[in-house]
Every structure is written in structure tokens, then in C-alpha cells.
Enquirer: 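Dropping a structure here in C-alpha cells format, bear with me for questions.
Residue indices begin at 1 and follow the sequence shown. What you see below is based on every heavy atom in this structure, not just the backbone, and it leaves out hydrogens, waters and symmetry mates.
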Amino acid sequence: MSDTVVLVRHIGGETVYDTTTFVTENGTGVLLVYSDPSKRTLIAAYSPQAWIAAEFVEKVIDDDASENAVEAERPL
């Protein structure tokens with residue numbers, strides 16, 4: 001599993017995809033996000049008017065949330 005993910009900034013906010021494969025279509029500006037490097041599984045598509053930026057960012061693991069989940073599952 002990669003330590004890098006794709007962050008897409010769009011008109012609805014931001015979405016993080018656990019992948020490192022995205023492209024823009026020549027001529028149309030459509031942003032396509034794929035789940036795999038072979039580009040067989042499309043997981044998101046944004047029209048040119050809907051997306052602002054797409055970039056690679058480091059994956060953030062929220063250790064506090066994991067600890068809280070374990071605490072919630074502990075029997076009383």
C-alpha cells in the first residue's frame with residue numbers, strides 16, 4: 001500500500017482517493033481518477049468546470065481515531 005494518495009479539490013470541497021493514478025483528457029479537460037495504474041477501474045470523473053486541482057499528498061493516518069475505535073470495542 002502506498003503512502004501517497006490523490007487529493008482532488010473541486011466545487012464541492014475536497015476528496016481523497018487511495019490511488020496514485022489520475023489523468024486529464026486531452027482537449028476536454030475531464031479529470032479521471034483510476035483505482036489502478038493499468039487504468040481499468042475508473043473511480044471518479046470530474047467535468048472541467050467541477051475540479052480545481054488534483055495533486056499527490058502524503059496519506060495521513062489518524063492514530064487517535066484508531067485508539068478511540070479500539071476503546072469503543074472493549075467490553076465493559
Side-chain angles (χ1 to χ4, degrees):
M1 178 123 345
S2 175
D3 290 337
T4 304
V5 294
V6 173
L7 169 66
V8 178
R9 289 176 169 63
H10 50 81
I11 58 174
E14 296 179 344
T15 304
V16 175
Y17 296 98
D18 194 10
T19 184
T20 56
T21 307
F22 69 92
V23 297
T24 55
E25 285 190 339
N26 290 338
T28 65
V30 171
L31 174 68
L32 303 172
V33 182
Y34 294 94
S35 66
D36 57 337
S38 65
K39 299 178 187 169
R40 291 181 188 232
T41 306
L42 180 68
I43 55 177
Y46 293 90
S47 70
Q49 298 82 14
W51 70 280
I52 300 162
E55 60 188 300
F56 297 113
V57 296
E58 291 298 313
K59 186 184 299 187
V60 176
I61 299 172
D62 187 357
D63 289 334
D64 188 44
S66 298
E67 289 174 13
N68 290 338
V70 170
E71 186 70 23
E73 294 175 6
R74 188 178 67 174
L76 297 176

Enquirer: Enumerate the residue pairs fulfilling salt bridge (charged side-chain N to carboxylate O under 4.0 Å, His left out) with a member in residues 27-55, sequence neighbours excluded, ordered by first and then second residue.
Expert: Arg9-Glu55

Enquirer: Can you list the residues that meet the side-chain contact (heavy atoms from CB on, under 4.5 Å) rule with Gln49, with sequence neighbours excluded?
Expert: Ser47

Enquirer: How long is the span from the OG1 atom in Thr4 to the NZ atom in Lys59, to the nearest 0.5 Å?
Expert: 8.5 Å

Enquirer: So, using side-chain hydrogen bond (donor to acceptor under 3.5 Å, both in side chains) as the criterion, who are the partners of Thr28 when residues are at least two apart?
Expert: Glu25

Enquirer: Just to verify, what does Thr15 make a side-chain hydrogen bond (donor to acceptor under 3.5 Å, both in side chains) with, not counting sequence neighbours?
Expert: His10

Enquirer: Tell me who clusters with Ile43, hydrophobic residues only, linked when side chains sit under 4.5 Å apart either directly or through other members.
Expert: Val6, Val8, Tyr17, Phe22, Leu31, Val33, Tyr46, Trp51, Phe56

Enquirer: With hydrophobic residues grouped by side-chain heavy-atom distances under 4.5 Å, do Val30 and Tyr34 end up in a single group?
Expert: yes

